[in-house]
> 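Before anything else, here's the structure in question.
Sequential numbering from 1 along the given sequence is applied to the chain's residues.
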Amino acid sequence: MGRDSSALVCAIFEENAVRDDEIFQLAISDLSLNDDILQSEKITHSVKLIEPNNPFQAVQEACELMNQGILALVTSTGCAAASALQSLTDAMHIPHLFIQRNGDGAPRTACQLNPSPDGESYTLAARPPVRISDVLLTLVSELYWKKFIIFYESDYDIRGLQTFMDQASRLGLDVSLQRVDRNISRVFTDLFSTMRTEELNRYRDTLRRAVLLMSPRGAQVFIHQAVETNLASKDSHWVYANEEVSDADIMELVHSSLGRMTIIRQTFPLWRDTNVRCMRNNHRISSLLCDPQEGYLQSLEVSNLYLYDSVLMLANAFYRKLEDRKWHSMASLNCMRKSTKPWNGGWSMLDTIQKGRISGLTGLMDFRAEGSNSHVQFEILGTSYSETFGKDVKRLASWDAIRGLNGSLKENRIESGMQGVTLKIVTLLEEPFVMVAENILGQPKRYKGFSIDVLDALAKVLGFKYDIYQVGDGKYGSALPNGSWNGMIGELIGKRADLAISAITITPERESVVDFSKRYLDFSVGILMRKPEEKINIFSLLAPFDLAVWACIAAAIPVVGIMIFLLRRIQAVRCQNSTGGHPPPSVSTSLQSAIWIVYGAFVQQVALRIVMGSWWLFTLIVCSSYTANLAAYLTVSRMDNAVRSFQDLSKQVDLVYGTVKDSAMYEYFRAKGTNPLEQDSTFAELWKTINKNNGFENSVSSPSEGIKKVKSYAFLWDMAVVEYAALTDDDCTLTVAGNGMSTRGYGMALQHGSPYRDLFSQKILELQEKGDLDILKQKWWPKKGRCDLQSHMDSQPEGRALRLHSFAGVFCILAAGLLLALLVAALETWWNSNHCRREQPKEDKEVNLEQVHQRLNSLLDEDLAHKQLPGQSIEISALDIGSMQPSQSLEVLSARDYPTHRGPPPLSVTTFLQEGHGAGRTLGAAAGRTLALPLSSATMPSIRCKHRAPNGGLFRQSPVKTPMPMSYQPVPGGPIPEASEPSHGTSI
């Protein structure tokens, strides 16, 4: 068969099977939507309908299908057609998956198929063998019935009870059989007409223990007639056994019965698992079949479910054939020819089907047990003894071929108390639920904890005592591949303990094998992790810009400074040329000064920014960007980046997380992570990490190991357990996050059918109403403990003032700048003091500018009384005056003729000090008269390092400010104004 061809599956159904064709078409449709099942292969199908119980037509239609080409045949018929089709498929070597159906509603009996002539049977029974007899035998043994009667309908094959009767006879049971005609009312009429009173009384006593093998409607009518004719009493116990009975039929039976009612029916536990019911081995099942809310599932028969799984089994076999590349051409056979040879690929295809195993709507399916599917499970439902009408039924026990009966059917009841009862209790250490209080050698261990406190409260109210022991394997309990259970659940199933108590959660899987009391504490999933340490970066002010940006800004300052230096140097040369070779006094031509100008503009010296427009624009953009980015950075850094939910945990990659392998929590994440109906991908990501390397890499073996590992690990576990671990942490470095929504709870597990369940549940509800459970919870999970879990949650409010460490870098830079300034100032002081010592006399000489002022005035009055001074000012630096020798007189001023001037002579002596120029300077001109200013040493000492302030005080020459040079400009001559004019003055 080519990889681009199709696989032909043929089916034969009875005409009255309304749902068979629908389910078959739906199964083919689901397979076509799952590309990973058959990859490029397409399954084609052909369906034939036959009359019920018509073997000849079944064979005729099968031959026509084989002539078209066939890989396998799926049929859902009665026993007669199945027997005929078995002979045909065995002869033609065509794999045949047979689903037995019975449309009349009566209990099913096994089909007696013909043995294959060569021992190779190609017919595989998809529906498990009938096990009703085994369940009935276990039930009557558990109830200690020694005498009872079995009523069966006329449509029921009595041969199905042959094995049961043989076993009952070996056990010494007195079993009566009575056939019930279709006209049930006539049965009771005949009883009263043919039996005497004594016989009726004996018959009434026989009816106290009765088993009904009838259709639901027939059983309802039968019980109703028994009650109406007063043959049934309040101490009657009816057992109704049928693989297919709906919830509505069960309620009708309960309402019709008088006394106790017990129902045996087949069950499919996977239906109740809401997380995985729509996914089987990567195969997505239509929501019509997996969602109970659709209502379609309740209208199906058991045979319909096995039909869907049979198609899924064939698809699984086809897929493995594709993987092994062992395809054979399809069988195209002619049944009417004697020379027709069987299909040569039939045995290989049959072997592939028999070696396969799937999980479908009915649970596990395989054909490894002598060509039939052996996986079947029953549940036993019932009411309590002598309950009246209107009572709901409850699940008492379950039964399967591996473990047998799981539960108790005894009629013992506890009305009010348990005085004198000693319970055997199994537990598992889990803080703070169960902990060892005392462990004295030679004495029984004493325990404490929240669960122990609840147990003690119940023991005080009910009056029971208990012996407690720890489970050997240290597990809560999970199903093993062979169907058994480990942990505390296994202890209850094996009846080695009456009750299990610890941090045990109520799950559908556990509740199918044990009973649970009402929840006494809500359950939710928590994340235990280390509190995130707040990162302190004192230089966070540098964070808004990348290092490359800071490097570019640092490089831009000297670059722009050099450009300004070059431009100002060119300007200075141009000015010197225009002013006779002397640069303007206010122009700075040093590189250091140019760079400081750029820096001054960067720190917002407005005047210089106006001059340097481009630099101003650059500075503005840089400052604005820095301010905006700094605000954004501080805002983001204040946001809490800690994990607060499962979504946060799934999105991060730095923190490794996991849970306890093979625990209920592990199964919870597996079910949520593999559920195709889950809209959010959060649990899929969580499960991917948890199940890494099949759970051996990130999961732990016990809760205590997970808590110890939490320093560098996030532990997913029960919220109550991780909260206690965080509250009692020695360093208070742990915190808890997660989803606070509660979908399950913690309960006490009891044996299936335990008489104590209802009493425990009732007392737990009373403890909740009185508030006793809240007091116990506050004891073990205090809101205000040594470690406050809320402090971490509340430490990141929406708005928060900046802390010192956010600006510590700013203060560090400021402190560094101040220290650098002090260092530079000290170095300048030291340098200038040494420079002055080398250039000036040993003693600092002072200049009394008042004396200079008086001396100049007197000289002008005496020597220039009849002279004229120019309108321009004569500037004489005090430094030039100080450089004169003590006996030296002021040189003769220019003898150029001055124009006549009437006004005050504007002679000025400027006190700007000149940095050392050596010997004294004279005022003079090329020609003309001179003006002598004889100054003594007492009048004009040297003032190179010390000077007087303009107000007459003393000051020292600043080493920073460069003195302006003395300038004297001669003007056309003229008469010197009178010195005696009142307006005459000299400015210093």
> Within this structure, what is the CZ-OG distance for the pair Arg209 and Ser176, rounded to the nearest 0.5 Å?
14.5 Å
> Counting only N and O atoms by type, is there a donor-acceptor contact under 3.5 Å from the side chain of Ser169 to the main-chain atoms of Asp166?
no
> So, for Phe378 and Val135, which heavy atoms are closest and what is the spacing to 0.1 Å?
CD1-CG2, 3.7 Å
> Take the angle between the ring planes of Tyr746 and Tyr520 and call it parallel below 30°, perpendicular above 60°, tilted in between.
tilted
> Inspect the contact between Asp453 and Lys779 and indicate whether a charged nitrogen and a carboxylate oxygen are less than 4.0 angstrom apart.
yes
> Quick one: are the ring centres of Tyr666 and Trp717 less than 6.0 Å apart?
no
> So do the side chains of Tyr306 and Met365 get within less than 4.5 Å of each other, counting heavy atoms only?
yes
> Treating Asp473 as the side-chain partner and Gly487 as the backbone partner, does any N or O pair qualify as donor plus acceptor under 3.5 Å?
yes
> Show your reasoning for whether side chain to side chain contact (heavy atoms under 4.5 Å, CB included) applies to Arg757 and Leu759.
CA-CA 5 Å; Arg757 184 190 66 175; Leu759 196 57; over 6 Å; no
> So which atom in Ile489 and which in Gly477 form the shortest heavy-atom distance, rounded to 0.1 Å?
CG1-CA, 3.9 Å
> Between Glu379 and Arg395 (side chain of the first, backbone of the second, donor and acceptor by atom type, cut-off under 3.5 Å), is there such a pair?
no
> Rounded to the nearest 0.5 Å, what separation is found between the CE atom of Met748 and the CD1 atom of Ile506?
10.5 Å
> Using 0.5 Å steps for rounding, measure from the CG atom of Leu405 to the CH2 atom of Trp399.
9.5 Å
> Evaluate the criterion side chain to side chain donor-acceptor pair (under 3.5 Å) for residue pair Asp515 and Ser754; output intermediate values, then yes/no.
CA-CA 7 Å; Asp515 286 344; Ser754 173; over 6 Å; no
> Apply side chain to side chain contact (heavy atoms under 4.5 Å, CB included) to Gln266 and Val376, showing your working.
CA-CA 7 Å; Gln266 188 176 355; Val376 63; 3.6 Å; yes
> Which pair of non-hydrogen atoms, one from Pro129 and one from Asn373, has the smallest distance, and what is that distance?
CD-O, 3.4 Å
> Would a 4.5 Å heavy-atom cut-off, applied to side chains only, mark Glu431 and Phe450 as touching?
no
> Parallel, tilted or perpendicular: which describes the rings of Trp781 and Phe433, with under 30° parallel and over 60° perpendicular?
perpendicular
> How far apart are the C-alpha atoms of Ser702 and Ser704, what are their side-chain angles, what is the distance that settles it, and do they pass the side chain to side chain donor-acceptor pair (under 3.5 Å) test?
CA-CA 5 Å; Ser702 65; Ser704 58; 3.2 Å; yes
> Salt bridge or not between Lys763 and Glu766? Use side-chain N to carboxylate O under 4.0 Å.
yes
> Any side-chain heavy atom of Trp145 within less than 4.5 Å of one from Val239?
yes
> As a quick check of understanding, evaluate side chain to side chain contact (heavy atoms under 4.5 Å, CB included) for Asn486 and Ser478, giving each step before the final call.
CA-CA 6 Å; Asn486 59 11; Ser478 59; 3.4 Å; yes
> For the pair Ser484 (side chain) and Leu480 (backbone), establish whether a donor and an acceptor sit closer than 3.5 Å, ignoring hydrogens and angles.
no
> Identify whether NZ of Lys or CZ of Arg in Lys672 sits under 6.0 Å from the centre of the six-membered ring of Phe669 and within 45° of that ring's axis.
no
> Could you state the interatomic distance from CD1 (Ile501) to CG (Leu455), rounded to the nearest 0.5 Å?
4.5 Å
> For Glu243 and Arg108, which heavy atoms make the closest approach, and how far apart are they?
OE1-NE, 2.8 Å
> Under 3.5 Å, side chain of Thr674 to main-chain N/O of Arg670, donor-acceptor pair present?
yes
> Do Leu161 and Leu213 have side chains that get closer than 4.5 Å, going by heavy atoms?
yes
> When you look at NZ of Lys518, are more than 12 heavy atoms from neighbouring residues, nucleotides or ligands closer to it than 6.0 Å?
no
> With a 3.5 Å cut-off and no angle check, do the side chains of Tyr724 and Glu430 form a donor-acceptor pair?
no
> Will you find, in the side chains of Tyr713 and Glu705, an N or O donor that is under 3.5 Å from an N or O acceptor?
no
> So, for Gln377 and Ser398, which heavy atoms are closest and what is the spacing to 0.1 Å?
NE2-CB, 4.0 Å
> Using a 3.5 Å distance criterion without hydrogens, assess whether the side chain of Ser502 forms a donor-acceptor pair with backbone atoms of Leu428.
yes
> Between Arg127 and Glu244, does at least one N-O distance fall below 4.0 Å, as a salt bridge requires?
yes
> When you check the side-chain N and O atoms of Tyr240 and Asn242, is any donor under 3.5 Å from an acceptor?
yes
> Keeping Gln768 on the side-chain end and Arg519 on the backbone end, is there a donor-acceptor pair under 3.5 Å?
yes
> Looking at Leu716, is its backbone amide N or carbonyl O close enough to the side chain of Thr659 to form a donor-acceptor pair, meaning the two atoms are under 3.5 Å apart?
yes
> Do Asp772 and Val454 touch side chain to side chain, with heavy atoms closer than 4.5 Å?
no
> Got a second to check how far Leu458's CG is from Ile764's CD1, nearest 0.5 Å?
5.5 Å
> Give the intermediate values and the outcome of side chain to side chain contact (heavy atoms under 4.5 Å, CB included) for residues Ile527 and Val722.
CA-CA 7 Å; Ile527 307 172; Val722 297; over 6 Å; no
> With a 4.0 Å cut-off, would you call Asp456 and Lys448 a salt bridge?
no
> Less than 4.5 Å apart, any side-chain heavy atom of Phe696 and any of Lys661?
yes
> What distance do Ser257 atom OG and His237 atom NE2 have between them, rounded to the nearest 0.5 Å?
9.5 Å
> Are any non-hydrogen side-chain atoms of Arg403 and Val513 less than 4.5 angstrom apart?
yes
> Run the ring pair (Phe, Tyr, Trp, His ring centres under 6.0 Å) test on Phe760 and Phe464 for me, step by step, so that the C-alpha distance in whole Å, both residues' side-chain angles and the decisive distance to 0.1 Å come before the verdict.
CA-CA 11 Å; Phe760 271 60; Phe464 67 86; 5.6 Å; yes
> Does NZ in Lys495 sit with more than 12 non-hydrogen atoms of other residues, nucleotides or ligands closer than 6.0 Å?
yes
> Say whether, by atom type as modelled, one donor and one acceptor occur between the side chain of Arg510 and the main chain of Thr505 under 3.5 angstrom.
yes
> Kindly say whether Ser761 contributes a backbone atom to a donor-acceptor pair with the side chain of Ser517 at under 3.5 angstrom?
no
> Indicate yes or no: at least one non-hydrogen side-chain atom of Ile150 is less than 4.5 angstrom from one of Val175.
yes
> Minimum heavy-atom separation for Ile402 to Asp400, with atom names?
N-OD1, 3.0 Å
> By the definition side chain to side chain contact (heavy atoms under 4.5 Å, CB included), identify the one residue from Asp467, Asp498, Ile468 that meets it with Leu423.
Asp498
